[in-house]
A.B. asks: 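Submitted below is the structure of interest, expressed as structure tokens.
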Amino acid sequence: MPETTLLAPTLAEFEAARTVVAQVADVTPMESSRYLADVLGAPVYLKCENLQRTGSYKIRGAYNRLSKLTDEERARGVVAASAGNHAQGVAFAARELGIKATIFMPVGVALPKLSATRDYGAEVILRGTTVTEPLLAAAEHARETGAILIPPFDHVDVVTGQGTLGLEILDQVPDLETVIVPIGGGGLISGVASALKQRAARDGRRIRVIGVQAENAAAYPPSLEAGEATMISILPTIADGIAVAKPGLLNFEIVRDAVDEIVTVSEDDTARALLVLLERAKLVVEPAGAVAVAAILAGKVTPTGPTVAILSGGNIDPLLMQRVISHGLAASGRYLTLRIMLPDRPGQLARISELLAEATANVIEVLHTRHGVGLQISEVELDVSVETRGPEHRQHVVDTLRAAGYDPQID
């Protein structure tokens, strides 16, 4: 590939893109977090791109890319493939610029994302069950119709647009020392890291950039180790917005040169972060958008000074939010499901209820059955779910039951 294809945007290009992107993108809030500052041991700020128009930072890169199209290219229309945020960003940008947009999305895409993309005026075509099929279909559509394919991350105009976020962050936190950025294909972090590093070099200072990937979709660590963008097999993850099997080529080059460290977080870490953001910051954030906070909570970030965690998106399906909250409560030690074998005689269920009340555990759900696998004729199985106040209280509930002669198994 020619070297010019992989050249990162210059600081002047980032500054110019900022004027373009400002035509549609909001300057999103920068919120301080005392709770996360106590966890990290340094001031922590939350850059709320979850409150951006279309619900994520994607509008920045999409609008910047589409604004560069010639009149002839605009007349041909644009096409993209996405399961959510990129789709909405392209659809919105196309509407603002008067360009016809066709978006391919998987059949199982969340209804709120599908409806929003259509509401922005795009023609939506459902294809396949994963993002792979829509990507192939979008490329074929571009070949057949001449429409301009808009990639989600691997294009210099997209990277330049996303990098405007870095300049905005510096305006809001001038003494910034560390920024933590979610990573999927690398469009956001390559733009933010490049813009910040160039500004820091110009100003004679240093800014640390840390990327965060989901453990089940972490393509960057093996790619950096191999020295080239490498395809991986993705495992299921709630952070679907950053579940990308291979880094972008341009993005990989920039990340290799400009990002100081990349860490990964577990599903439990991410669920816990989403819950903390809801409870402590009163912010609705999608799992992919919460991984920067997850890295702080999991102890993956070393404090150096004022730190910004980018909340990259807030487009979460309410049904997924319900499941993630439950998972986050369990991961935080505040939701406990126990399986207890009991003698099949009157009074046992009442006795368990008394013990749980003594331990001040609030019962959420109870299943009492004689038909569990492995049960003796004289036994019943009790599955009980309770709310607890954290790990210490959770252990107290278990210890209370064991002290009374029962053997609760944690599910």
Side-chain angles (χ1 to χ4, degrees), residues 33 35-36 38-41 44 46 50 83-84 131 178-186 188-189 209-225 230 232-247 255 259-281 283-303 307 309-317 319-337 388 390-392 394-395 410-411:
S33 172
Y35 177 80
L36 291 173
D38 289 341
V39 172
L40 181 62
V44 175
L46 303 173
N50 59 309
V131 179
T178 298
V179 61
I180 312 172
V181 191
I183 309 180
L188 177 61
I189 195 168
V209 179
I210 299 175
V212 187
Q213 291 206 284
E215 284 181 358
N216 288 354
Y220 268 90
S223 294
L224 291 170
E225 185 175 350
T230 302
I232 65 165
S233 296
I234 293 177
L235 298 175
T237 175
I238 57 174
D240 59 336
I242 54 173
V244 178
K246 184 179 180 180
V255 168
V259 174
D260 297 278
E261 184 182 0
I262 293 177
V263 301
T264 62
V265 292
S266 69
E267 299 294 283
D268 282 355
D269 294 335
T270 303
R272 191 180 301 114
L274 191 143
L275 187 62
V276 164
L277 287 165
L278 279 172
E279 289 191 320
R280 298 286 183 162
L283 291 169
V284 175
V285 182
E286 63 189 85
V291 295
V293 171
I296 294 174
L297 295 173
K300 300 292 183 73
V301 179
T302 303
T307 298
I310 295 178
L311 309 181
S312 56
N315 292 318
I316 182 170
D317 186 328
L319 294 176
L320 175 60
M321 178 182 285
Q322 183 181 33
R323 298 198 302 272
V324 173
I325 289 173
S326 296
H327 195 85
L329 287 170
S332 301
R334 294 168 53 192
Y335 187 86
L336 176 64
T337 298
T388 56
E392 291 184 2
R394 175 188 175 111
Q395 189 59 48
I410 297 175
D411 187 355

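Hydrogens, waters and symmetry mates play no part in the numbers below; they use all other heavy atoms, side chains included. Everything numeric here is computed off the predicted structure, so don't read it as measured data.
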A.B. asks: When you measure from the side chain of Arg394 to the backbone N and O of Tyr335, does any donor-acceptor pair fall under 3.5 Å?
C.D. replies: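 Looks like yes, one N/O pair under 3.5 Å.
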A.B. asks: State, yes or no, whether a side-chain contact exists between Pro236 and Glu267 at a heavy-atom distance under 4.5 Å.
C.D. replies: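 A side-chain contact under 4.5 Å is absent here.
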A.B. asks: Please determine whether side-chain contact (heavy atoms from CB on, under 4.5 Å) holds for the pair Leu46 and Leu283, giving the CA-CA distance in whole Å, both sets of side-chain angles, and the decisive distance to 0.1 Å.
C.D. replies: CA-CA 10 Å; Leu46 303 173; Leu283 291 169; 4.2 Å; yes
A.B. asks: Leu278: what forms a side-chain contact (heavy atoms from CB on, under 4.5 Å) with it, not counting sequence neighbours?
C.D. replies: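 Residues passing side-chain contact (heavy atoms from CB on, under 4.5 Å) with Leu278: Leu274, Val284, Ile325.
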A.B. asks: Test side-chain contact (heavy atoms from CB on, under 4.5 Å) on Thr178 and Ile210; report intermediate values, then the result.
C.D. replies: CA-CA 7 Å; Thr178 298; Ile210 299 175; 4.0 Å; yes
A.B. asks: Report the C-alpha separation of Leu297 and Asp269 in whole Å, then their side-chain angles, then the decisive distance to 0.1 Å, and conclude whether the side-chain contact (heavy atoms from CB on, under 4.5 Å) test is met.
C.D. replies: CA-CA 7 Å; Leu297 295 173; Asp269 294 335; over 6 Å; no
A.B. asks: Mind checking what makes side-chain contact (heavy atoms from CB on, under 4.5 Å) contact with Leu224, not counting sequence neighbours?
C.D. replies: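 In terms of side-chain contact (heavy atoms from CB on, under 4.5 Å), with neighbours along the sequence ignored, Leu224 is linked to Phe252, Arg256, Ile262.
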A.B. asks: For Ala295, give me all partners under side-chain contact (heavy atoms from CB on, under 4.5 Å), at least two apart in sequence or on another chain.
C.D. replies: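 Ala295: side-chain contact (heavy atoms from CB on, under 4.5 Å) contacts with Val212, Val263, Val265, Lys300, Val301.
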A.B. asks: What I'd like to find out is whether the side chain of Pro287 reaches to under 4.5 Å of the side chain of Asp240, using heavy atoms alone.
C.D. replies: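 No - every pair of side-chain heavy atoms lies 4.5 Å or more apart.
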A.B. asks: Identify the two heavy atoms, one from Gly289 and one from Ser312, that lie closest to each other, and give their separation to 0.1 Å.
C.D. replies: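 Heavy atoms only, the tightest pair is CA-OG, 3.2 Å.
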A.B. asks: Checking the side chain of Gln213 only, and the main-chain atoms of Thr264 only, is there a donor and an acceptor separated by less than 3.5 Å?
C.D. replies: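 Here the side-chain-to-backbone pair does not exist.
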A.B. asks: Rounded at 0.5 Å granularity, tell me how far OG in Ser233 sits from CG in Asn216.
C.D. replies: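 So the OG of Ser233 and the CG of Asn216 are separated by 11.5 Å.
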A.B. asks: Under 4.5 Å between any side-chain heavy atoms of Leu277 and Tyr35, yes or no?
C.D. replies: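 A side-chain contact is absent here, since even the closest heavy-atom pair is not under 4.5 Å.
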A.B. asks: Under a 3.5 Å distance rule, please check whether Glu286 uses its side chain to pair with a backbone N or O of Ile316 as donor and acceptor.
C.D. replies: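 No; judged by distance alone, with no hydrogens or angles, the pair does not exist.
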A.B. asks: Which heavy atom in Ala309 sits nearest to a heavy atom in Ala292, and how many Å separate them?
C.D. replies: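 Taking Ala309 first and Ala292 second, the nearest heavy atoms are CB-CB, 3.9 Å.
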A.B. asks: I need the minimum non-hydrogen distance between Ala218 and Pro221, along with the two atoms involved.
C.D. replies: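 Heavy-atom minimum between the residues: O-CD, 3.8 Å.
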A.B. asks: So which atom in Ala243 and which in Thr237 form the shortest heavy-atom distance, rounded to 0.1 Å?
C.D. replies: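 Nearest heavy atoms, Ala243 then Thr237: CB-CG2, 3.9 Å.
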A.B. asks: Got a donor-acceptor contact below 3.5 angstrom from the Tyr220 side chain to the Gly185 backbone?
C.D. replies: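 At least one qualifying donor-acceptor pair exists.
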A.B. asks: Taking the side chain as C-beta and beyond, is there a heavy-atom pair between Thr307 and Val179 under 4.5 Å?
C.D. replies: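 They are not in side-chain contact.
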A.B. asks: Kindly indicate whether the side chain of Pro182, heavy atoms from C-beta on, has any atom under 4.5 Å from the side chain of Ile310.
C.D. replies: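 Of all side-chain heavy-atom pairs linking Ile310 with Pro182, at least one is under 4.5 Å.
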A.B. asks: Please name the pair of heavy atoms, one in Ala217 and one in Ile234, separated by the smallest distance, quoted to 0.1 Å.
C.D. replies: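 In this case the closest contact between Ala217 and Ile234 is CB-CG2, 4.0 Å.
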A.B. asks: Flag the pair Leu235 / Glu215 as yes when at least one side-chain heavy-atom distance between them is below 4.5 Å, and no otherwise.
C.D. replies: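 No; the side chains remain at least 4.5 Å from each other.
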A.B. asks: Assess the residue pair Ile296 and Ile180 against the criterion (side-chain contact (heavy atoms from CB on, under 4.5 Å)); give the C-alpha distance rounded to whole Å, side-chain angles, the decisive distance to 0.1 Å, and a yes or no.
C.D. replies: CA-CA 9 Å; Ile296 294 174; Ile180 312 172; 3.7 Å; yes
A.B. asks: Find out whether Leu311 and Val293 are in side-chain contact, i.e. whether some heavy atom of one side chain is under 4.5 Å from a heavy atom of the other.
C.D. replies: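 Yes, at least one pair of side-chain atoms sits under 4.5 Å.
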A.B. asks: Looking at side-chain heavy atoms only, is the closest gap between Val255 and Val209 below 4.5 Å?
C.D. replies: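 Side chain of Val255 against side chain of Val209, heavy atoms only: no contact under 4.5 Å found.
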A.B. asks: Does Arg334 come within less than 4.0 Å of Glu279, counting only side-chain N to carboxylate O?
C.D. replies: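 Result for this pair is yes, salt bridge flagged.
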